[in-house]
Asks: 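Handing you a structure now.
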Amino acid sequence: MKIKVLLVDDHRVVREGLRSLLNANDDMEVVGEAETGRRGVRLARELQPDVVVMDVAMPQLNGVEATRQIIRDAPAAKVLVLSSYSDDERISELVERGITGYLVKQSAAGELVKAIREVMKGNPFFSPCISKSLLDQCRATYQNGELSKKKEGQLTSRESEVLQLIAEGYANKQIADVLGISMKTVEKHRQQLMDKLRIHNIAGLTRYAIAHGMVEQTVALAVC
C-alpha cells in the first residue's frame, strides 16, 4: 500500500513542488493539501494520512498548535516538519508536541523522501543541523543538573488559537466565527490570555505572538 501524505504549507508553489516530488515515487501518494494550519487539522481528521508534512509559520493556526491538534485527532499520523525556521525554542516545542522529524527546507529535495520512509518505520528523522541543536539542548539541560521545567504561563490549545488570531487582526466576532464558539467565550479566553501573560493590550499580545513564532511579523496586525 502507498504511504498517504498530507501537505500543509501556505505557499502554493511549495506544495506543487512537494506533490510532484512525492508522487514520482511508487510507494507514496499525496492525498490532500492545506494552505492553513486550521485546514490541515481538518483534513488530517478526515483523511487520516500516514504522514503529515507540516510547515511552521502559517496563517490562522501555526504549525506548533496544528501539530498538537493533529496528533490528538489523527494519532496514527506521523508529523514531519518542513520549515525554513530552525531556532532552538521552536524545535524544542515541536518535539514536545510529538513530531517525528524535522527538516529544513534548504535540504528538502534530497532528504524528504528518505525521511518519510524512515518515519513510517517508526524512526525519527532530523536534518543534521536540527540533530545538533537537540543534542546541544540535552547537554545543557543535564549540565544544569535538572530537567527543563514547564514554562510559567503556558497557554492552553484554545488560548494559543485565540492569541494567533488576535495577532493576525481578527476581531472578537471573527474569532468566534473561525473557532465556532460564542463571542462571550472569546472574551473569556482573551481575558485569561491577558491575565496569564500579564499583557493587557493588543499591541503587547501581538508582540508576544511574533516573539514566540506564533505568527510572522509580516502578517501581524500593525499595532506595535
Side-chain angles (χ1 to χ4, degrees), residues 1-11 14-135 137-138 157 160-161 213-214:
M1 294 180 63
K2 291 188 176 184
I3 301 171
K4 298 183 296 182
V5 181
L6 171 63
L7 302 178
V8 186
D9 193 296
D10 61 331
H11 295 100
V14 173
R15 295 198 309 273
E16 289 176 351
L18 294 177
R19 184 176 66 244
S20 297
L21 173 67
L22 299 181
N23 283 342
N25 296 273
D26 294 337
D27 60 339
M28 297 181 191
E29 179 186 8
V30 175
V31 294
E33 299 178 29
E35 70 284 357
T36 69
R38 189 164 304 285
R39 178 167 170 75
V41 172
R42 185 166 68 251
L43 286 181
R45 187 185 308 121
E46 294 172 0
L47 301 174
Q48 295 292 311
D50 300 309
V51 177
V52 179
V53 178
M54 169 77 68
D55 192 8
V56 174
M58 289 179 299
Q60 292 192 7
L61 192 69
N62 63 81
V64 176
E65 184 55 38
T67 293
R68 173 159 56 177
Q69 295 188 25
I70 286 173
I71 289 175
R72 178 195 67 200
D73 296 343
K78 311 292 185 183
V79 177
L80 181 60
V81 172
L82 178 62
S83 177
S84 56
Y85 295 94
S86 57
D87 58 281
D88 292 351
E89 183 177 355
R90 197 170 312 193
I91 295 167
S92 178
E93 191 170 9
L94 282 160
V95 170
E96 289 178 7
R97 294 289 179 265
I99 64 169
T100 310
Y102 194 124
L103 302 178
V104 292
K105 282 187 175 179
Q106 293 86 337
S107 61
E111 295 182 339
L112 183 57
V113 171
K114 180 181 179 182
I116 289 174
R117 288 172 179 154
E118 284 299 313
V119 299
M120 278 302 296
K121 297 175 185 175
N123 301 322
F125 193 101
F126 294 87
S127 290
C129 63
I130 305 299
S131 296
K132 181 180 183 304
S133 174
L134 290 171
L135 180 59
Q137 289 181 55
C138 287
S157 178
S160 295
E161 290 180 293
M214 302 178 73

Asks: Which atom names give the shortest non-hydrogen contact between Ser157 and Gln69, and what distance separates them?
Replies: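 Residues Ser157 and Gln69, closest heavy atoms: OG-NE2, 3.5 Å.
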Asks: Does Arg72 have any salt bridge (charged side-chain N to carboxylate O under 4.0 Å, His left out) partners at least two apart in sequence or in another chain, and if so, which?
Replies: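 Arg72 satisfies salt bridge (charged side-chain N to carboxylate O under 4.0 Å, His left out) with no residue once adjacent residues are dropped.
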Asks: Do Leu18 and Val30 touch side chain to side chain, with heavy atoms closer than 4.5 Å?
Replies: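 In short, these two side chains do not touch, never coming nearer than 4.5 Å.
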Asks: Report, one line per pair, each donor and acceptor closer than 3.5 Å where one atom sits in a side chain of residues 117-126; sequence neighbours left out.
Replies:
from   : atom 1 : to     : atom 2 : distance (Å)
Arg117 : NE     : Asp27  : OD2    : 2.9
Arg117 : NH2    : Asn25  : OD1    : 3.3
Arg117 : NH2    : Asp27  : OD1    : 3.2
Glu118 : OE1    : Asn123 : ND2    : 3.0
Glu118 : OE2    : Lys121 : NZ     : 3.4

Asks: Restricting to non-hydrogen atoms, name the atom on Ala115 and the atom on Leu103 that form the minimum distance, rounded to 0.1 Å.
Replies: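 Shortest heavy-atom contact: CB-CD1, 3.8 Å.
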Asks: Excluding sequence neighbours, so at least two apart, what forms side-chain hydrogen bond (donor to acceptor under 3.5 Å, both in side chains) with Glu16?
Replies: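 Expected list: Arg12.
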Asks: If you measure from CG on Leu22 to CE on Met28, what distance do you get to the nearest 0.5 Å?
Replies: 6.0 Å
Asks: Quick one: side-chain contact (heavy atoms from CB on, under 4.5 Å) partners of Gln48, sequence neighbours excluded?
Replies: Ala74
Asks: Not counting sequence neighbours, which residues clear side-chain contact (heavy atoms from CB on, under 4.5 Å) with Leu43? List them please.
Replies: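 Checked Leu43 against side-chain contact (heavy atoms from CB on, under 4.5 Å); matches are Leu6, Ala34, Arg39, Glu46, Leu47.
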Asks: Please report the closest heavy-atom contact between Ala44 and Pro49, naming both atoms and the distance.
Replies: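 For Ala44 and Pro49, the tightest heavy-atom pair comes out as O-CD, 3.6 Å.
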Asks: Start with the C-alpha gap between Asp9 and Leu82, add the side-chain angles, then the distance that decides, and say whether side-chain contact (heavy atoms from CB on, under 4.5 Å) holds.
Replies: CA-CA 9 Å; Asp9 193 296; Leu82 178 62; 5.8 Å; no
Asks: Return the CD to CG distance between Glu35 and Leu7, rounded to the nearest 0.5 Å.
Replies: 12.0 Å
Asks: Can you tell me how far apart CD1 (Ile99) and CD1 (Ile91) are? Round to the nearest 0.5 Å.
Replies: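 Ile99 CD1 to Ile91 CD1: 8.0 Å, rounded to 0.5 Å.
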Asks: Under 3.5 Å, which donor-acceptor pairs do the side chains of residues 51-63 form with other protein atoms, sequence neighbours left out?
Replies:
from  : atom 1 : to     : atom 2 : distance (Å)
Asn62 : OD1    : Val64  : N      : 3.1
Asn62 : OD1    : Glu65  : N      : 3.1
Asn62 : ND2    : Gln164 : OE1    : 2.8

Asks: Can you tell me how far the CD1 atom of Ile116 sits from the CG atom of Asp50, to the nearest 0.5 Å?
Replies: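 Going from the CD1 atom of Ile116 to the CG atom of Asp50 covers 10.0 Å.
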Asks: Excluding sequence neighbours, so at least two apart, what forms side-chain hydrogen bond (donor to acceptor under 3.5 Å, both in side chains) with Glu111?
Replies: Ser107, Ser127
Asks: Give the C-alpha distance, both sets of side-chain angles, the deciding distance and a yes or no for side-chain contact (heavy atoms from CB on, under 4.5 Å) between Thr100 and Leu80.
Replies: CA-CA 6 Å; Thr100 310; Leu80 181 60; over 6 Å; no
